[in-house]
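Side chains included, hydrogens not; waters and symmetry mates left out as well; all remaining heavy atoms used. All ligand and atom numbering here is 1-based and tracks the order in the structure.
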Amino acid sequence: MMLQRFRIFVLCFLPLFFSVSLSYEARNPEGFVVALISFRNGLNDPHGAFSNWDEDSVDPCSWAMITCSPDNLVTGLGAPSQGLSGTLPVVIANLTNLRQLLLQNNNISGRIPAGIGHLPKLQTLDLSNNKLTGHVPESLSHLSNLQYLRLNNNTLSGAIPLSLASLPQLALLDLSNNNLSGPLPKFSTRTFKYVCVNLLENICILSTSILIASWRFTE
Ligand SMILES: *[C@@H]1O[C@H](CO)[C@@H](O)[C@H](O)[C@H]1NC(C)=O
Ligand SMILES: *[C@@H]1O[C@H](CO)[C@@H](O)[C@H](O)[C@H]1NC(C)=O
Ligand SMILES: *[C@@H]1O[C@H](CO)[C@@H](O)[C@H](O)[C@H]1NC(C)=O
């Protein structure tokens, strides 16, 4: 009798359970929960910014620091000023629906994973005020939707990838307070509104006409 009731329960509710979990998995097909947990586990989180991230959950949209689109896609990860340290987990590249990645004002060290350049929807990337080292990845120039890029106040070195100039949507770029060198990319005057780099000194350029003048100056 008990067993029979149990069977009836399973038959009634199992399809419901599967349809709920499937709908999230269908929207987050790359295993977002696994990737997010792996991301969290790669960083030191002294203030518990990610403490309500539950690996048994099928719905990361209820987690702190996560934003979702109305159809429950994970589109934003924003944990600025949380004292995070460690290196930026390479698994970040698996979060393929991200539009915003905001990790400014932390203590994150090491290199910027090249995989960030393969987040096709990324519009805003702010890693400013950390302890990042190494180069600005050339792969960032694949981010055809990128509008806002702040990598200022780190310890990045090497040349600025000239291909950043071909980012069609880029409206703000701040690379100041790093150890970058080499020529400035030849930015289009079309959409570009603000650029800040440090070569000879910190140069912040607020209009396209000044951009051209300052670029000539650093040549
Ligand atoms: C990240 O993506 C790679 C390649 O698609 C896959 O092999 C790996 O298992 C994923 N990692 C996680 C934690 O989701
Ligand atoms: C970075 O770490 C240092 C030393 O642990 C600490 O004093 C400082 O407040 C941290 N900065 C941020 C932005 O978390
Ligand atoms: C970046 O570093 C400069 C020079 O150390 C400092 O003046 C500025 O306040 C820093 N910017 C931010 C946003 O902390």
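- Contact of the Leu151 side chain with the Leu140 side chain is registered, since non-hydrogen atoms from C-beta on lie closer than 4.5 Å.
- Remark: ligand 2 atoms within the under-4.0 Å shell around heavy atoms of Lys131 are 1 (C), 2 (O).
- The proximity of His47 to ligand 2, defined as any non-hydrogen pair under 4.0 Å, does not occur for either the backbone or the side chain.
- Between the choices Asn107, Leu84, Asn44, the shortest heavy-atom distance to atom 2 (O) of ligand 2 belongs to Asn107.
- Qualifying side chain to side chain donor-acceptor pair (under 3.5 Å) partners for Ser141, counting only residues two or more places apart in sequence or in other chains: Ser163.
- Within ligand 2, counting atoms from 1 as listed, the ones closer than 4.0 Å to a heavy atom of Gly83 are 14 (O).
- Remark: Ser81 pairs with Asn105 by the side chain to side chain donor-acceptor pair (under 3.5 Å) rule, at least two apart or across chains.
- Tested against Asn153, the residues Asn177, Asp174, Asn130 include a single side-chain hydrogen bond (donor to acceptor under 3.5 Å, both in side chains) partner, Asn177.
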Inset, instruction - Please lay out, stage by stage, how Lys131 and Asn107 fare under the test side-chain hydrogen bond (donor to acceptor under 3.5 Å, both in side chains). - result: CA-CA 6 Å; Lys131 293 183 176 152; Asn107 259 332; 2.9 Å; yes
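- Short contacts between ligand 1 and Val91, defined as distances under 4.0 Å to a heavy atom of the residue, involve ligand atoms 12 (C), 13 (C).
- Classification of the Phe39-Phe50 ring pair by plane angle, with boundaries at 30° and 60°, yields perpendicular.
- For atom 4 (C) of ligand 2, the nearest protein heavy atom is 4.0 Å or more away.
- Counting only heavy atoms from C-beta outward, the side chains of Leu88 and Ile116 approach each other to under 4.5 Å.
- Distance check on atom 11 (N) of ligand 2: some protein heavy atom falls below the 4.0 Å cut-off.
- Considering backbone and side-chain N/O atoms, Ser38 never comes within less than 3.5 Å of an N/O atom of ligand 1.
- Residue contacts with ligand 2 leave out Gln82, since none of its heavy atoms falls under 4.0 Å from the ligand.
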